[in-house]
Enquirer: 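Structure incoming, see below.
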Amino acid sequence: MTDPVSPAPPPGAHLPDHPGFLWEDPEPRPAYDVVVVGGGGHGLATAYYLAKVHGITNVAVLEKGWLAGGNMARNTTIIRSNYLWDESSGIYEHSLKLWEGLEEDLGYPILFDQRGVLNLAHSLQDVRDSVRRVNANRLNGVDAEWLDPRGVKEVCPIVNTAPDVRYPVLGATYQPRAGIAKHDYVAWGYARAAHAMGVDLIQNCEVTGIETVGDRVTAVRTTRGRIAAGRVALCAAGHSSVLAEMVGLRLPLTSHPLQALVSELLEPVHPTVVMSNAVHVYVSQAHKGELVMGAGIDSYNGYGQRGSFHIIERQMSAALELFPIFARAHLLRTWAGIVDVSPDASPIVGLTPVEGLYLNCGWGTGGFKATPGVGDCFAHTIAHDKPHRFNEPFTLERFTTGALVDEHGAAAVAH
Amino acid sequence: MQLIPCPWCGPREEAEFHYGGQAHVAYPEDPGALTDQEWARFVFFRDNPCGPFAERWSHSAGCRRWFNAVRDTRTYELLSVYRVGEPRPDASERDEVVS
Amino acid sequence: MSAAFRLPTGGHVDRGTELRFTFNGRSMTGYRGDTLASALLANGEHRIGTSVKFGRPRGIVAAGSEDPTSLVQIEQPFPEPMLTATTVELYDGLVAHGLPGRGRLADEPDPARYDAKHAHCDVLVVGTGPAGLMAALTAARGGARVVVVDEQSRAGGALLGTREYLDERPWTEWVDDTVAELRGTPGVLLLERTTAFGVYQDGFVLALQRRTDHLGFDAPAHAARQRVWRIRAAQTVLATGAHERPVVFADNDRPGIMLAGSARTYLHRYGVLPGTRAVVFATDDSAYAAALDLANAGMEVAAVVDARPTAPRLLRARCCAHGIDVRAGHVVTGTEGGDRVSAVHVAPAAGSDGSADAIGTAGAADTIDCDTLLVGGGWNPVVHLFSQAGGTLRYDSRLGAHVPGQAPATVRVAGSATGAHDLSACLRQGWEAGCEAALATGSRPDEVALPASEPRAGEQPGLVLWRVPGEAPRDAPDTRFVDLQRDATVSDVLRATGAGLSSLEHVKRYTTIGTAHDQGKTSGTITAGIVAEALGVELSDQRPTTFRPPYTPVPFAALAGRDRGELHDPARVTAVHAWHVARGALFEDVGQWKRPWYFPLPGEDMDTAVLRECRAAREGVALMDGSTLGKIDVQGRDAGRFLDMLYTNKMSGLRVGRIRYGLMCGVDGMVIDDGTVIRLAEDRFLVTTTTGNAAMVLDWMEEWLQTEWPHLDVYAASVTEHWATFPLVGPRSRDVLAALAPGLDVGNDAFEFMAWRDTVLDVGPGVTARVCRISFSGELAYEINVTAWHGPAVWEALMAAGEAYGITPYGTETMHVLRAEKGYPIIGQETDATVTPQDLGMAWAVSKKKADFLGKRSFDRAENNRPDRKQLVGLLPLDRDVRLPEGAQVVDTDDLPEPPVRMLGHVTSSYRSAALDRTFALAVVRSGRERVGEILHVPVGDGLVPVTVTESVLYDKEGARRDG
Amino acid sequence: MTADTSVRTSPLAAWTDRLAALAPALDVAERPFLTQLTVRARDAVAVARMGEALGVAFPADPCTSTRGGGPFGDVEVLWMGPDEFLVVAGPDRRALVEDALRAAVRPARGAVVDTSAQRTTLALSGPHARDVLAHGCAIDLHPSAAPTGTCVQTLLARAGVVLRVDDAECDAFTLLVRSSFAEYLAAWLCDASVEYRAALS
C-alpha cells in the first residue's frame with residue numbers, strides 16, 4: 001500500500017543537499033609551499049584563493065579539530081560592510097562584493113540572502129554616530145541609508161518602535177545589500193573547491209611549534225609530525241596569540257567567549273537582520289525559520305568555548321523589549337566561540353617580523369562577513385610577500401605609530 | 001554564573017565584578033624614556049595565554065577593591081586569588097586542570 | 001463520554017475531573033493528570049501532524065520530553081509554538097493542532113508574568129524517581145538544606161510506568177510518604193514541574209518551573225507563569241533517568257509505532273491503551289514487560305519479535321501463557337499503513353552470535369497485522385546535565401550507550417542515569433549519593449532503610465542494534481528514519497560518510513540530525529552507531545557531540561523574567577525630576593539618566609523652545625538641572641599630586657577657593673573626560689565629571705590608586721547624588737543669586753570667575769549652598785550646589801526669585817547650543833576615542849611643566865604629530881538658514897566624484913543660534929585650523945552645502961559677557 | 001534640634017503610600033534624612049579612636065555591621081571595604097559626627113565625607129521579605145548564612161545596594177540605595193511583591 005499524498009513541505013523548511021563528495025582526509029605530506037594554520041572559514045578561503053588566483057596549490061590547511069568547527073560553526077552569519085572608516089569599508093566592501101558572486105564561484109549553494117541589516121540607534125548620540133556612518137558609507141560607495149522609526153517599522157514590522165519603552169528606537173542605519181549566509185555551506189564550499197585544486201585539508205592536526213632558521217620560518221611541528229613549509233599563514237582566530245607565542249611574537253589581542261543561541265523553527269516573522277549595540281542584541285531568522293541571536297561578549301579572557309548564562313538572560317530581556325512577539329519562542333541551544341579582540345576592534349592582517357610568517361587575526365566579532373575578502377587579500381599578501389591594498393592599513397605596527405582604525409562604534413558587540 | 005572569591009567579601013557572583021585584564025603590568029617609571037615600541041607594549045600588548053593567567057579583578061558592586069587572581073582561561077577555574085602587591089602564587093601544579 | 005482507549009480503572013489521573021479540549025479541530029475529553037499526548041491516545045488519536053520535509057504522518061513515539069514527533073502548536077489560551085504533546089499537561093479549553101515542523105508566534109504581546117528566584121542549598125537533587133527520592137530523603141534526614149526538582153507533575157520517575165511494589169506496598173505509597181516527609185522537613189524545597197536545564201560552574205544550576213500552564217484559562221494573572229530558579233548548590237545529585245532507544249527500520253515513522261517503555265507509561269500512569277493489537281520489537285528483556293503488561297490490561301499482543309537469537313526462557317514462558325507468539329532471532333524489516341501502522345513485516349535475522357553487525361535478514365518476510373508497534377532498542381542514560389557539569393562520558397558497549405565516567409568533585413549520579421536497570425540498585429545508588437553529598441556538606445545522614453523491592457535482574461543481556469540491515473529501495477526514497485523530526489534517514493547518514501565526513505559534528509551538520517526541537521535525544525546515539533559502522537571504527541573512539549544547554553527548550557520570556565518595560569534598566573532621576581515632568585519637559589537618555597532635553601511651552605516645537613531657552617540664557621536668566629554631573633570627593637595629602645597625574649593640566653597649583661577646568665586622557669593620549677576641579681582645602685578637592693562617565697572616572701581613580709599608587713595618601717568617594725546642582729545662567733543670574741543668598745557678596749571682584757563660596761540660602765533653616773562661579777555658556781553664571789534633599793525647595797526658590805527676570809528652565813539641547821557657540825566640546829560628541837586635547841585646540845589645558853601625566857607619552861607618537869590630523873573648527877553654512885545634519889561628512893570638492901570620495905572630517909554638532917541669528921556647526925576637519933577661511937562642502941542628500949571654516953569660538957570671542 | 005521638613009524632600013517621598021500598600025506581605029518604608037558619613041581609614045588605632053568617639057566599635061570583620069549608642073545617639077557602622085565604613089546616625093547629626101570623626105582619625109591617614117543624601121534607606125520586613133529579596137539578590141540570606149548584623153554590598157535586580165540584616169530570625173532588613181536608583185528599586189519591590197500580596201488577599 002502507498003503513503004498518503006504528502007503535502008508540499010513549508011518553503012525553506014529544509015536546505016539544499018550537500019554534494020555527494022566533499023573532500024578526502026589525507027595524511028600530511030612532509031613539506032608544502034604554504035601551510036595555513038587553522039581550517040576555519042578564513043583558512044579555507046585563503047587556501048582557495050592561493051590556489052585559484054595565484055596558482056599555489058602545494059598547500060596544506062591544518063585544523064586541530066574538524067574543519068570549520070570553530071567560530072565558523074558558531075557565528076550568527078551576519079554579512080555587511082557598513083563600517084565607519086575608509087580602511088574598514090574598503091576590506092569589508094571588497095568582501096561583500098565577493099559574497100555577491102560566491103555561489104557561482106564556488107559552485108555551492110551558500111544561501112547568501114541579501115535581506116538587509118538594520119543597526120538601531122537608541123540615544124541622540126547613537127543617532128549622530130549612525131548618521132555619520134551612513135554618510136561615510138555613501139561617500140565610500142557602500143549602500144547605506146538612515147531610517148527614522150517609521151522607516152524601521154516598514155523594513156521590519158515586528159520591531160517595537162513605541163516611544164515609551166526604556167530605550168526607544170530613534171532610528172536605524174540600513175544596508176540593503178547586507179544579509180546572511182549558511183556558514184557550513186560556505187566553509188564546505190571553500191573546502192571542497194580548495195581540495196579539488198589540490199589543497200590538502202588535514203584535520204585533527206594541531207600545531208605544537210613553529211620552526212625558524214634565523215628569522216625565517218621553515219616548518220611547523222604538529223600532533224601528526226613535522227611539516228616543512230616555505231610559508232606559514234596563521235588563521236587561528238581565538239588561538240592566534242598562542243600560535244604567535246611559538247615564535248616569540250606578542251600580539252595586542254585578548255581572547256573572549258562570545259555566545260550565540262538559536263530558537264526552534266518558526267514561520268517567517270523577521271524579514272531582515274537587526275542589530276543593536278546599545279542593548280547588545282543581534283538577531284535574524286535563518287533559512288529554516290529558526291531565530292539566530294548573538295549575545296554580548298564576556299569581559300574576561302577565555303578559551304573555554306563557554307560563556308556566562310547571565311549574558312544570555314540580559315540579551316533576552318533586551319531582545320524582548322525590541323521584539324515583544326518573541327516572548328514564547330523557545331531557546332533550543334546556546335553555544336560560544338572564542339573571539340580575538342584587538343584594541344581598536346579592527347583586524348591585524350599582514351606580514352610579521354618573521355620572514356615567511358603571515359598573520360590574520362583580531363577580527364573579534366567581524367570574522368565571518370570578512371571571509372571572502374580577507375581570504376583573497378591574505379592569499380595575495382602571502383603570494384607576493386606584501387599586503388594587498390585592502391589589508392595594508394591593518395598592520396601590527398599601527399599600535400606603535402598610533403594609526404589605529406577604531407571601529408568600536410561599528411563592531412557588532414562593543415568590546 | 002561563576003563565583004569569584006573576593007579576598008574580603010568571599011565568593012560572589014561574577015556579575016558583581018569588573019574585569020581588569022593582565023595583572024603585574026606596572027606603569028613605567030619614566031614613560032618619557034621609552035621608545036615608541038616600548039610604550040606601545042605597555043599601552044596595547046597583553047599576555048593572552050590558554051591556561052593559567054594572572055589577572056586583575058575589581059569587586060565593583062561590592063567592596064570596590066581591586067585584587068589579583070590566577071584563573072585557568074580554559075576552564076575559567078580560579079586557581080588562587082591574592083591581594084594587590086602580593087606576588088603571584090605558583091599555579092604550576094594546577095596547570096593540568098581538565099578543560 | 002469516556003474515550004475508547006481509556007481503561008475503566010487505573011492510572012494516576014483524576015477521573016473525577018473531566019477536561020474538554022480541541023485538537024486538529026476535533027473536540028475530545030481527558031482527565032486532570034493527562035498530558036495532551038495521553039488524552040489523544042485515550043481518544044485513539046495517534047496522528048499528530050506531518051513531517052517537516054516529506055510531509056509524512058507522524059504520531060507519538062515517547063511519553064516525555066524526549067519525544068521527537070508529537071509537535072503541537074497551542075492556540076488557546078495563548079499561542080505557543082512547538083511544544084511536544086507529551087509535555088503539555090491537559091487543561092480545560094485547550095486548543096491545539098499538530099505542526100509540520102514549524103511553529104507560529106503570537107502576533108500580540110504575551111500578557112503572562114515571568115520571574116526568577118535564587119535558591120541556595122547544600123544538596124540539589126535532580127529527579128524524583130526512586131534514586132532521586134532516596135538521595136533527597138537521605139540528605140534531608142541528615143539535616144542538609146536540600147532542593148529537589150523534577151520535570152513531571154508527579155513524583156515517581158520511571159516507577160510511573162510500572163506496577164512495582166516497594167516494601168510490599170504499591171510504589172505510590174512509598175513515593176507519596178517520602179514526598180510528604182520532604183515537604184514537611186524545614187530546609188527542603190521540592191519543586192515539581194521544574195526542569196533543570198543547565199548546569200554551570202560552582203554548583204550553579206538553572207531550572208525552569210512551569211507554575212501555571214496546567215491551569216490553562218484559570219491561571220491567575222498575578223502569578224508568574226514560569227519561573228527560572230537560579231540554584232546554587234554545594235553538591236548535586238543527578239538522578240535523571242534513562243531514555244529508551246528506538247531501532248531503525250523501513251517505515252519506522254508511522255503513527256502507532258512507539259517506544260515499549262513509553263507504552264507502559266501510558267498504560268500505568270494514564271490508564272490508556274495505545275491500540276487494540278500490538279507487535280513488540282524487542283532487543284532486550286525490558287520490552288517483554290510492555291507486552292505482558294498490555295496483555296494483562298486486555299490488549300491483544302500478536303507477537304514479540306526478539307532480535308536476539310534466543311528468547312529469555314521465563315519471559316517467553318509468560319508470553320506463551322498469554323498466547324503471545326515470541327519470535328526469537330527475528331527483526332522487523334518494515335511496516336505498512338497510512339495515518340496509522342496497519343501491519344509489520346517480520347523476517348528471520350541471520351547470524352547467531354547475537355552481535356549486531358552479524359545480523360542480516362534471511363528468508364521471506366512475514367506480515368503481521370497490528371495497529372501498534374512497540375520498539376525496545378535499549379536504554380540511554382540521560383547524561384546531558386552530567387556532561388554540562390564537566391563530567392566525562394564513557395561508551396558502554398554492553399548497553400550501547402554513553403554512561404557517566406569521571407565526575408566533577410561536587411557532582412554525583414544515581415539510578416538509571418548510571419546505566420543501572422535494577423530497581424534495588426537504583427535505590428541503593430540514590431542512598432549512597434545522598435549520604436556522600438550530605439557528608440561533603442558537613443551534614444550527618446543517619447541510616448535510611450532502603451525499601452525492599454522485587455529483585456529483577458535481566459535474564460539475558462540486551463542486543464545493541466542500531467538499525468535493521470537492508471538496502472534502501474532503489475526507486476523510492478529511503479524511509480529508514482534516524483531523526484524523525486528532521487526527516488533524516490540512514491541513507492542521509494551514509495551519504496555524509498560517503499562524502500568524506502568522519503566527524504560526528506560534520507555528519508550532524510550534513511544531515512541536520514540532532515538539530516531539531518528534541519536536540520537528538522533519541523537519535524544521537526543511533527547516528528553515532530551507524531556512522532561508526534559505516535566507517536568501520538569503534539563507537540568508543542568517536543567523540544560524542546557536545547551536550548549544550550538547555551536540556552529542554554526554554555521560552556525567551558522566562559529568561560527575560562522581570563527585566564521588562566520600566567524594569568528593563570533603571571531610569572536614574574534627579575531630585576527635581578518630578579518638577580521637570582510636571583513642567584512638560586521632554587527627556588533625553590544619557591546613560592541610565594533621564595535628563596530634561598527641552599521644556600516646550602504649549603504649541604512649541606523643539607526649535608522654537610530651544611531658541612527661547614537660549615535667548616533667556618543670553619539675555620535674561622535661565623536655570624538648568626545639572627545634578628547628573630558626576631561628583632567625586634578627593635581627599636588626602638597627595639590629592640594634588642594624584643590629580644596632576646590624572647588630568648592633563650596642573651591641579652596641585654590650584655589655590656583653595658578656586659576652580660579649574662580639567663581634561664582627562666587615557667594612556668593612549670585620547671580624551672576620555674573633562675570637568676571642573678575645585679579645591680576645598682589643601683588636602684581636599686571636589687571634581688566633576690560628565691554625566692555619562694561618572695562611574696568610569698571613579699573606577700579609573702580607584703584603579704590607579706589601588707593597583708599602581710597605593711603609597712599615595714588619597715581617598716576618592718562619589719558624592720554625585722549627595723548634591724543637587726543647578727547652573728544659573730545669564731546676565732541677570734547675579735540678581736537672582738543675590739536675592740536668594742543675602743549673606744553672599746556677589747560682586748564681580750568679591751566673587752570672581754572660577755571661584756567658589758559656601759553660603760546660606762534664604763530658603764529655609766539650615767539650607768546651605770556651595771556656589772561655583774563657572775560658565776559653560778560664556779555668560780555670567782553660577783553653579784548652585786545644595787544637598788539633594790534641598791534640591792526641590794531650592795529649585796522652586798530660584799524659579800520664584802527669578803520670576804521677575806523671566807527665569808526660564810532649560811534642558812540639555814539649549815546647554816549644547818550655548819556651549820557650542822563658545823566652541824566648548826562635549827566629550828563623546830566632539831570626541832570619539834580618536835581625539836586628543838591638541839585636536840580640540842586645547843593645548844592650553846595640557847601642562848608643559850609636569851614631568852608626566854596619563855597619556856602624555858602618547859602625544860609624541862608619529863600619528864599624533866601628523867599635520868593633517870582632524871581638528872575642531874566651526875563651520876558656517878554660506879546660506880545662514882541651512883542647518884547641517886550632525887554626522888554629515890566634509891569634503892574639499894564642489895563636485896562629487898565617483899566613490900570613494902576623500903573625506904576631511906565630519907559635523908559633530910549643528911544648531912540654529914539665536915545669538916548669532918544663523919545656523920552654525922562644529923566639526924573635526926583634517927588640518928582644520930589651517931583651513932580657517934576656506935570654503936569646504938558638506939554632502940547633504942544629493943546636494944553639496946558650501947560652508948566657511950571658522951575657528952571654533954563663534955560667540956563673544958573676547959569673553960566680555962562672562963562677568964555680566 | 002529639629003529638621004525643617006518643609007524644605008527637605010526625600011527621594012521616595014512620593015512613594016510612601018505605594019510602599020505602605022505592600023503590607024502585610026511586605027512591610028517596607030523609607031527612613032529619610034539619616035546622617036551618613038563615608039569614613040576611610042586603614043590605621044587600626046585611628047579606627048578604634050573613631051569607635052570610642054561614637055560609642056560604637058567599628059566592625060572588625062568584612063560584610064558585618066555594628067550598632068550602639070553614644071554622645072550622638074544611636075549609631076550604626078557598616079563595613080564597606082577593608083578601609084571603608086559608612087557611619088549612619090539619626091537625622092541632623094551630620095556636623096557634630098563629622099567633626100568628631102575628623103578629630104578622631106587624625107593624625108592618621110584617612111578621610112571623612114558627608115554622603116547623607118547620596119543614598120536613601122529602606123526598612124524591609126514581613127513574612128515575604130526574604131522571598132522578595134531572593135527574586136533579585138544572589139546572596140544567601142538564610143539565617144544560617146546571613147546572621148543578624150550581616151551587611152553586604154551587592155546587586156538587587158539592576159541596582160547596587162547595601163543590604164543589612166537587622167534581624168535574621170524576623171526577616172528584617174535594611175536597604176541603602178543610591179538616590180537616583182531609589183525610584184527604580186521602589187518600582188521593582190512593588191512588582192516583586194505582586195504575587196505575595198495576591199496570595200494573602
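The sequence lines fix the lettering, A, B, ..., with proteins before strands; numbering per chain opens at 1.
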Enquirer: Going through the distances and angles, do C:Thr787 and D:Arg8 end up as a side-chain contact (heavy atoms from CB on, under 4.5 Å)?
Expert: CA-CA 9 Å; C:Thr787 73; D:Arg8 282 204 300 214; over 6 Å; no
Enquirer: Can you list the residues of residues 134-143 of chain D that sit under 4.5 Å from chain C, counting heavy atoms only?
Expert: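 Answer by number: D:Ala134, D:His135, D:Gly136, D:Cys137, D:Ala138, D:Ile139, D:Asp140, D:His142.
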Enquirer: Please confirm whether the backbone N or O of C:Leu712 pairs with a side-chain atom of D:Arg109, one donor and one acceptor, at under 3.5 Å?
Expert: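 It does hold such a pair.
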Enquirer: Please assess C:Tyr715 against D:Val113 for the test side-chain contact (heavy atoms from CB on, under 4.5 Å), listing each intermediate value before the final yes or no.
Expert: CA-CA 10 Å; C:Tyr715 298 95; D:Val113 188; over 6 Å; no
Enquirer: Name the region of D:Asp114, side chain, backbone, both or neither, that has any atom closer than 4.5 Å to a heavy atom of chain C.
Expert: both
Enquirer: For D:Thr120, is it the side chain, the backbone, both, or neither that has a heavy atom closer than 4.5 Å to a heavy atom of chain C?
Expert: neither
Enquirer: Apply side-chain contact (heavy atoms from CB on, under 4.5 Å) to C:Arg572 and D:Arg178, showing your working.
Expert: CA-CA 9 Å; C:Arg572 300 178 67 182; D:Arg178 297 268 297 253; 3.4 Å; yes
Enquirer: List the atom of D:Ser180, the atom of C:Trp593, and the distance in Å for their closest heavy-atom pair.
Expert: CB-CH2, 3.3 Å
Enquirer: Taking side chain as everything from C-beta outward and backbone as N, CA, C, O, which of these in C:Gln592 sits under 4.5 Å from a heavy atom of chain D? Side chain, backbone, both or neither.
Expert: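 When you check distances to chain D, only side chain atoms of C:Gln592 fall under 4.5 Å.
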Enquirer: Can you tell whether the side chains of C:Arg211 and D:Glu195 come within less than 4.0 Å, N to carboxylate O?
Expert: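 So C:Arg211 pairs with D:Glu195 through a salt bridge.
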Enquirer: Heavy-atom pairs under 4.5 Å with chain D: which of C:Arg562, C:Glu796, C:Arg230, C:Lys594 has the most?
Expert: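 Sorted descending by pairs with chain D, the first entry is C:Arg562.
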Enquirer: Mind ranking D:Ser116, D:Ala145, D:Ala182, D:Ala187 by heavy-atom pairs under 4.5 Å with chain C and telling me who comes out on top?
Expert: D:Ser116
Enquirer: If you apply the rule side-chain contact (heavy atoms from CB on, under 4.5 Å), what do you find for D:Tyr184 with C:Leu567, and how did you get there?
Expert: CA-CA 7 Å; D:Tyr184 161 80; C:Leu567 299 180; 3.9 Å; yes
Enquirer: What pair of heavy atoms forms the shortest contact from C:Glu721 to D:Phe181, and how long is it?
Expert: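 For C:Glu721 and D:Phe181, the tightest heavy-atom pair comes out as OE2-CD1, 4.3 Å.
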